[in-house]
Amino acid sequence: MDLTFTPQEVAFREEVRAFTADKLPGDVARKILEHRRIEKDDVYRWHRALYEKGWIAPGWPEEYGGIAWNSVQRHIFDEETAAAGAPRLSPFGLSMIGPVLIAFGTDEQKQKYLPEILSGETWWCQGYSEPGSGSDLASLKTRAERKGDKYVVNGQKTWNTHGQWADMIFCLTRTDSSGKKQQGISMLLIDMKTPGIEVRPIITLDGEREINEVWLENVEVSAENLVGEEGKGWTIAKFLLSHERTGIAGVGVSKRELVYLKHIASQEQLNGKPLIEDPVFRDRVVQLEIDLLALEMTVLRVASAERDGKAPGPEASILKIRGSEIQQALTELQMEAIGPYSLPYLPLSWGENWVGQRIGPDYAAPLAARYFNMRKTTIYGGTNEIQRNIISQQVLGL
Amino acid sequence: MDLTFTPQEVAFREEVRAFTADKLPGDVARKILEHRRIEKDDVYRWHRALYEKGWIAPGWPEEYGGIAWNSVQRHIFDEETAAAGAPRLSPFGLSMIGPVLIAFGTDEQKQKYLPEILSGETWWCQGYSEPGSGSDLASLKTRAERKGDKYVVNGQKTWNTHGQWADMIFCLTRTDSSGKKQQGISMLLIDMKTPGIEVRPIITLDGEREINEVWLENVEVSAENLVGEEGKGWTIAKFLLSHERTGIAGVGVSKRELVYLKHIASQEQLNGKPLIEDPVFRDRVVQLEIDLLALEMTVLRVASAERDGKAPGPEASILKIRGSEIQQALTELQMEAIGPYSLPYLPLSWGENWVGQRIGPDYAAPLAARYFNMRKTTIYGGTNEIQRNIISQQVLGL
Amino acid sequence: MDFSLTEEQRLLQDSVERFLEKNYSFELRRSMVDERQSMSEEVWKGFASLGLLGIPFSDEYGGFGGGGVETMLVMEAIGKHLVMEPYLSTVVMAGGLVDIGAADWQKKILLPGIVNGSMLLAFAHYERESRYDLGHVGTRATADGNNWVIDGKKTLVMHAPVAEKLIVSARTQGEAGDRDGVTLFIVECDEENLGGQEYPLFDGTRALELQFNGVRVGPESVIGTINGAMPLIEKVVDRAMAALCAEAVGLMGSLYSMTLEYLKTRQQFGVPIGKFQVLQHRTVDMLINLEEARSLSVLAAGKVDSDNVFERRRAVTAAKAMVGRAGRYVGQEAIQLHGGMGMTDELPVGHYVKRLAAIDVLFGDAAYQRSQFVQLREDAAAAEFVQPRKAWKQL
Amino acid sequence: MDFSLTEEQRLLQDSVERFLEKNYSFELRRSMVDERQSMSEEVWKGFASLGLLGIPFSDEYGGFGGGGVETMLVMEAIGKHLVMEPYLSTVVMAGGLVDIGAADWQKKILLPGIVNGSMLLAFAHYERESRYDLGHVGTRATADGNNWVIDGKKTLVMHAPVAEKLIVSARTQGEAGDRDGVTLFIVECDEENLGGQEYPLFDGTRALELQFNGVRVGPESVIGTINGAMPLIEKVVDRAMAALCAEAVGLMGSLYSMTLEYLKTRQQFGVPIGKFQVLQHRTVDMLINLEEARSLSVLAAGKVDSDNVFERRRAVTAAKAMVGRAGRYVGQEAIQLHGGMGMTDELPVGHYVKRLAAIDVLFGDAAYQRSQFVQLREDAAAAEFVQPRKAWKQL
């Protein structure tokens, strides 16, 4: 056991840091660091920089354009890029449908889609949840009827993140409703420009548009766009969900936010002294810092085990639970730190080109909205309640 | 709405305070205030003092020797006596079997038992739980077979509090196992000196003997000692459990313990200053003080509603949950306050007649044991999990 | 000790509730927020006709002669229906300052207008560096003959966009942070030398940043005694905090009901999700938090008019601290138990949660209130704090 | 970055585990507590023959040449089986002080005896007023020619009833609380002028109160440099804290397993209680707490030998704070989920919980560790603490 980074790991960190300092666009970093609004182009530019460097797909086999980083390297990469203010890459192509196509796709599908996922030319989104099928995903109802060499799809998807940016959607559909609900599910790849698809924004409680409903009405999809076998989509869906977990603990981002919290608390004054010197506030910051340190060590333990060949198991659920709780706690303390200046709500001021006056300190404007937005982290990707059910069944055997 | 006490209530408080100052034995108060070991005689002397004053049974109808205090008066009485260090009266006669006999007993049973419950001549204990029947009380198995004018009882009871002090036990038994488990239960009154009864101590994790197992082997009980109808014991059991809740919030005791906590924290030093001046510790004390204030107000709201004729409802479960949590939190903070001097374990030093040296400050000795002992409060009287089930079903309708 | 409402109070409670039930839908509120409105004139007229705008004032000025309890009843209903009207600013705060502090002739001019709904006021007090410190007044009023000239900035002045007049705190002596030396002035909003910037808070309330560039007012504008406004401000802010606690209880009650309803109707895995024990217990904990907050809100309402400052402040800071903690718990759980739906702007849930979060911040969050709770004990009863009721050592 | 154990470490882990599984039952422990014993000679001999008593020492003295990780492996097994042996006192603390601080000739006399199990030592350091402050040494050693005369009291000296020698901290300069001026002495337990009172701690550990009434020792009794013992003491106490964290992880692991087993076997309402979702989720939270504690215990073990004091203290204080919080959660939940059975002396559960509670107190509870965690940041990296990695203002 050796808890220092190896010389190779240190060198890799230096390389990532130098690359990021060079290639991460400064305006994008600034938006991320200050929690301002992110546009597709912001993510795209960082995506392209990584693509050109050959670093875009560390989870993929090298033959498909991936790069063979072990899990400790991936942790270092996440930490360094997060600290510098890199935006989160869109996971739908790189972490979800890409690995699915590699595992289940036809050669034609691989050739057609994988290169453009890597290059960023094709942007994906997901069609999983439905209004009636949230935690109980397998109860989904969107129908796909086979007609000749096509499927005709009708139904409604929801909690679709950034569908307004996407070129393609991977969609779970029901091709057979005669058996158990897990049977008769099929995965289709659908062009977002196909007639009959409508993307309707869902505004979240922070007033932003991040998610959508996707309505499908007589949408015709070539049978070539079926992934794997008809009726076997549930297996693929589960495979995909297990891949969704990579980096789910969000340690890099939380470390950055902890530093930002301390920054804010060193600027804000309470009783004539910096808030960070208030023993009660400071104790809460320290509790959180220790929790985050524990999470980071847990991530590294899992990463180290994975590198040594152990498959990632249900402990990913622990990382999801604690990672999301810590992210939320950080937004709470940031909001508390700015006191009354969390109140003004000027969303235009978080975008680019804002020339108006701000109310209160510069860093205050987006923090309340971020607090509200981050409530999602214990809900999405399988609610924390579902995660606890998973651990209970798969680890505890209860 | 008027949150000041009426002149009558103030006068009543003065009366209780004066009486207690006069009649509560000083050595008993000292034991209670310093958390030292309590013997039956300690409780008995206070019982007698109240009996002689006519204050022993505020919950009972006056025709049976009760006294018609309303619920606000009872709250005042509890608060004043607790603050002065009065021991908790044994509830098994006064709060449990007494009210049951008044509601369900025969005239003979009332005449025989009620006066001696009031006077303290007969001391009761309870035979409810069994090793296999805790939260699921109705699954109890202790058999009572009718033979002529007797029942013959065989089985085992557990979590019997202070059975070593008791003259009589009220016992739930199964007289019929053919129907649903709630049916065929009968309540019997049994003399603890009957052949075949054995009381075996259960030592708790604080090293003390407060609870017992009671083994019954061919115990013969006169059929006159059946309470209510044979097979209808479950109704009686539920009636009794609802009476067990009186004063369950423990506000008076917790207020006393809060004062004691502050006392300790003003004596203990941290970084050269009294611990109570440490902002982090103090913030936790204040949180608890506010929680306790909320609990007290909730008790008074319920008491005021009861006085106005509303029946006590499932909100008693809320009082039990929060009351027990606050009691536990107080013991935790008391133990934390004394720091390393919670470690020495000298149970003899909590008793009377200890002449040896103490390790650390005088108040330290029993605090760790009390912390461990008080873990029981979220378990007994229906675990807090069961209480939440009750609220969920009866209030929320889930 | 009596928690029951008088017949008159019960009638008040019923009439507010009936009025809002009928006239204040979530859709009305949504459209007001979308259209950048602070209030609805119609609702305000309704409040006036129900007598709500005169609750704290004596009948001499057309008021109801009520106190903390009556205000609590109105505010709880306001919370329950997520009402945005400027009740707190105009009636509780500005009206309260006038009611307690102003001279009779001033009351005669100001209060009847408040009561009949024709006059809206706001209280301009907090400044950039105040955080939650009420005494941190840097805005200056300089004497110029009989007149006063006010210079400085005020921040987060709630409901000021619709106000006709402001009550402004300014320093007439000493330095920012001094308890003495603060004076209250009444200022017309259309003063030439008064600049402002309007914006919304995250709960939809509209507010102003104000700049006083030598605003000149006459001696008749002074409310209360010169240099001695702080006790008056503290008293009215305590009223405002007690009122906000009651509003929070109304909000929490609605969140609890909505969540319970959702648990009974939302189906997953073939059953209503309310059948899952974990969600049951967490809803129970929402209820417990609600009841704890209600208990201390009632205490604050009952004590806020007390002449005993220690008793008043103890009740109000405890209630506000509890509402902060319990409100956060109830709000976060309401979203979580609604799942994705809880995250949407469409459902009322999120809007209730935002208002609860705003209430926690206003006049100091839970941690701040706890520090004040200690402070006041140290100030008022140092001996009692460290000494047990019994002299333990002697026993 | 590598978390895997070496082959040698894995063998060590296996052999301790196998030995304790076979030789250290809960019944053995219970009988030792009942008979007021600090330890079992047989078990201690077994430890010696497995090489455990030499873990931290170099092979020159018969040791194993191990570090924080090896100690962690032993201590976790000790926790798992609720072992009472004086490993922490003799090997980690007293042995550690000798190992780091003593002269070679002293090591040659002392260490082989520790390693072969023939010599037991204890570390007498804390005093009545210390609370958790390591520097609060009031016991004095006064020079008398070449000799030293020790006067004062030591408290809570764990395992001292079975020790042959004590390592005692005493002030040779300055005042209680000064960091400088503390010196370590080795003292025979059978010294005439040394009085003591024996008693148990609530976890069964036996301890002494000690009174030094002019205990005279020679110059050869000094361990390390005169007046300069504090860094040495701090280093060894950090080792002890890391060791206790590992023990706590072992304890928590056992509590988690026992609780899980109980949930699977205990039937109520016709099903194993593990079928109730609320109990499932709470057991998951026990597991999460266990894993968090394990992660930081591993970190502490990996950093406790570091020459970088900042890194070492940061890891150890974080781990101890986490173990305090997580240990309390796991302990309290283990009792609660066992219901009444969890309250009994009969089941091991309560005994594990008591040992966990004792560990929280030893060397400072969670709140104290958090205050130290801040302190060390302030001392060592004040700038970094308040400055973000990015110069935010400039962006």
Side-chain angles (χ1 to χ4, degrees), chain B residues 129 131-139 158-159 181 201-211 268-272 275 278 280-281 284 328 332 335-336 338-347 349 356-361 368-369 371-373 375-376 378-380 383-385 388-389, chain D residues 126 128-133 136 155-156 158 177 197 199-205 207-209 266-271 273 276 278-279 282 324 328 331-332 335-347 349-354 357-358 360-368 370-371:
Chain B
S129 297
S133 307
S135 292
D136 183 13
L137 179 61
S139 68
T158 193
W159 314 137
K181 65 184 177 182
I202 296 175
I203 305 302
T204 42
L205 73 166
D206 55 345
E208 296 291 291
R209 178 189 178 179
E210 200 173 70
I211 50 174
E268 292 294 309
Q269 300 280 312
L270 180 68
N271 302 326
L275 177 64
D278 175 63
V280 176
F281 190 84
R284 292 168 64 198
Q328 290 184 341
E332 280 188 48
M335 181 167 157
E336 272 187 56
I338 54 171
Y341 285 109
S342 63
L343 289 168
Y345 176 73
L346 289 161
S349 76
Q357 195 192 321
R358 290 219 168 84
I359 311 299
Y371 164 71
F372 295 121
N373 180 278
R375 303 313 307 169
K376 72 188 176 192
T378 47
I379 297 171
Y380 67 20
T383 66
N384 283 17
E385 290 74 31
R388 286 187 166 87
N389 285 349
Chain D
Y126 281 108
R128 173 68 186 91
E129 304 297 333
S130 311
R131 197 171 175 99
Y132 302 129
D133 180 1
H136 201 289
T155 188
L156 293 164
M158 291 182 290
Q197 180 187 2
Y199 57 90
L201 309 185
F202 63 65
D203 63 356
T205 306
L208 283 186
E209 297 295 286
R266 169 72 174 174
Q267 302 258 336
Q268 290 285 273
F269 303 105
V271 291
I273 60 173
F276 292 104
V278 159
L279 306 191
R282 285 165 60 177
R328 179 168 298 184
Q332 292 181 348
I335 292 178
Q336 185 71 22
L337 298 189
H338 274 84
M341 289 307 294
M343 288 299 299
T344 63
D345 180 74
E346 184 192 342
L347 254 60
V349 179
H351 300 266
Y352 277 81
V353 171
K354 285 194 276 188
D360 183 31
V361 172
L362 292 171
F363 308 111
D365 60 19
Y368 182 77
R370 291 197 301 270
S371 72

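Atoms considered below: every heavy atom in the structure, side chains included; atoms not considered: hydrogens, waters and symmetry mates. Numbered from 1 within each chain, the chains take letters A, B, ... in sequence-line order.
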If you tally heavy-atom pairs under 4.5 Å against chain D, which of [options] wins?
{"options": "B:Met335, B:Arg375, B:Lys181, B:Glu268", "result": "B:Arg375"}
{"options": "B:Ala369, B:Ala368, B:Ser129, B:Ser342", "result": "B:Ser342"}
{"options": "B:Ile359, B:Thr378, B:Leu346", "result": "B:Ile359"}
{"options": "B:Pro344, B:Gly339, B:Gly134, B:Pro340", "result": "B:Pro340"}

[X] versus chain B, the contacting section by heavy-atom distance below 4.5 Å:
{"X": "D:Glu209", "answer": "side chain"}
{"X": "D:Leu156", "answer": "side chain"}
{"X": "D:Ala358", "answer": "both"}
{"X": "D:Leu362", "answer": "side chain"}
{"X": "D:Asp133", "answer": "neither"}
{"X": "D:Phe276", "answer": "neither"}
{"X": "D:Gln197", "answer": "side chain"}
{"X": "D:Leu279", "answer": "side chain"}

Between atom [atom1] of [X] and atom [atom2] of [Y], what is the distance when rounded to the nearest 0.5 Å?
{"X": "B:Tyr341", "Y": "D:Arg131", "atom1": "OH", "atom2": "CZ", "result": "11.0 Å"}
{"X": "D:Met343", "Y": "B:Leu205", "atom1": "CE", "atom2": "CG", "result": "5.0 Å"}
{"X": "B:Ile202", "Y": "D:Met341", "atom1": "CD1", "atom2": "CE", "result": "7.5 Å"}
{"X": "D:Gln332", "Y": "B:Gln328", "atom1": "CD", "atom2": "CD", "result": "6.5 Å"}
{"X": "B:Leu270", "Y": "D:Tyr132", "atom1": "CG", "atom2": "OH", "result": "9.5 Å"}
{"X": "D:Asp345", "Y": "B:Thr204", "atom1": "CG", "atom2": "OG1", "result": "8.0 Å"}

Next on the checklist: Both conditions, 6.0 Å and 45 degrees, for the charged tip of B:Arg358 above the ring of D:Tyr199: are they met here?
Outcome noted: no
Side chain from CB out, backbone as N, CA, C, O: work out which of these in [X] comes under 4.5 Å of a heavy atom of chain D, or both, or neither.
{"X": "B:Pro131", "result": "backbone"}
{"X": "B:Leu343", "result": "both"}
{"X": "B:Phe281", "result": "neither"}
{"X": "B:Ile338", "result": "backbone"}
{"X": "B:Ser133", "result": "backbone"}
{"X": "B:Glu336", "result": "both"}
{"X": "B:Asn373", "result": "backbone"}

For [X] against [Y], the heavy-atom pair lying closest together:
{"X": "B:Ile379", "Y": "D:Gln336", "result": "CG1-OE1, 3.5 Å"}
{"X": "B:Asp136", "Y": "D:Phe269", "result": "OD2-N, 2.8 Å"}
{"X": "D:Arg282", "Y": "B:Glu385", "result": "NH1-OE2, 2.7 Å"}
{"X": "D:Gln268", "Y": "B:Gly132", "result": "NE2-O, 2.7 Å"}

Checklist entry - In terms of heavy-atom contacts, does CD of D:Gln267 have more than 12 from other residues, nucleotides or ligands at under 6.0 Å? => result yes
Next on the checklist: For B:Trp159 and D:Thr344: C-alpha separation, side-chain torsions, deciding distance, then whether side-chain contact (heavy atoms from CB on, under 4.5 Å) applies.
Outcome noted: CA-CA 10 Å; B:Trp159 314 137; D:Thr344 63; 3.8 Å; yes
Checklist entry - Looking at D:Gly177, D:Gly350, D:Pro200, D:Gly339, which one has more heavy-atom pairs under 4.5 Å with chain B than the rest? => result D:Pro200
Next on the checklist: With chain B as the partner, which of D:His136, D:His351, D:Arg266 has the greatest number of non-hydrogen pairs under 4.5 Å?
Outcome noted: D:Arg266
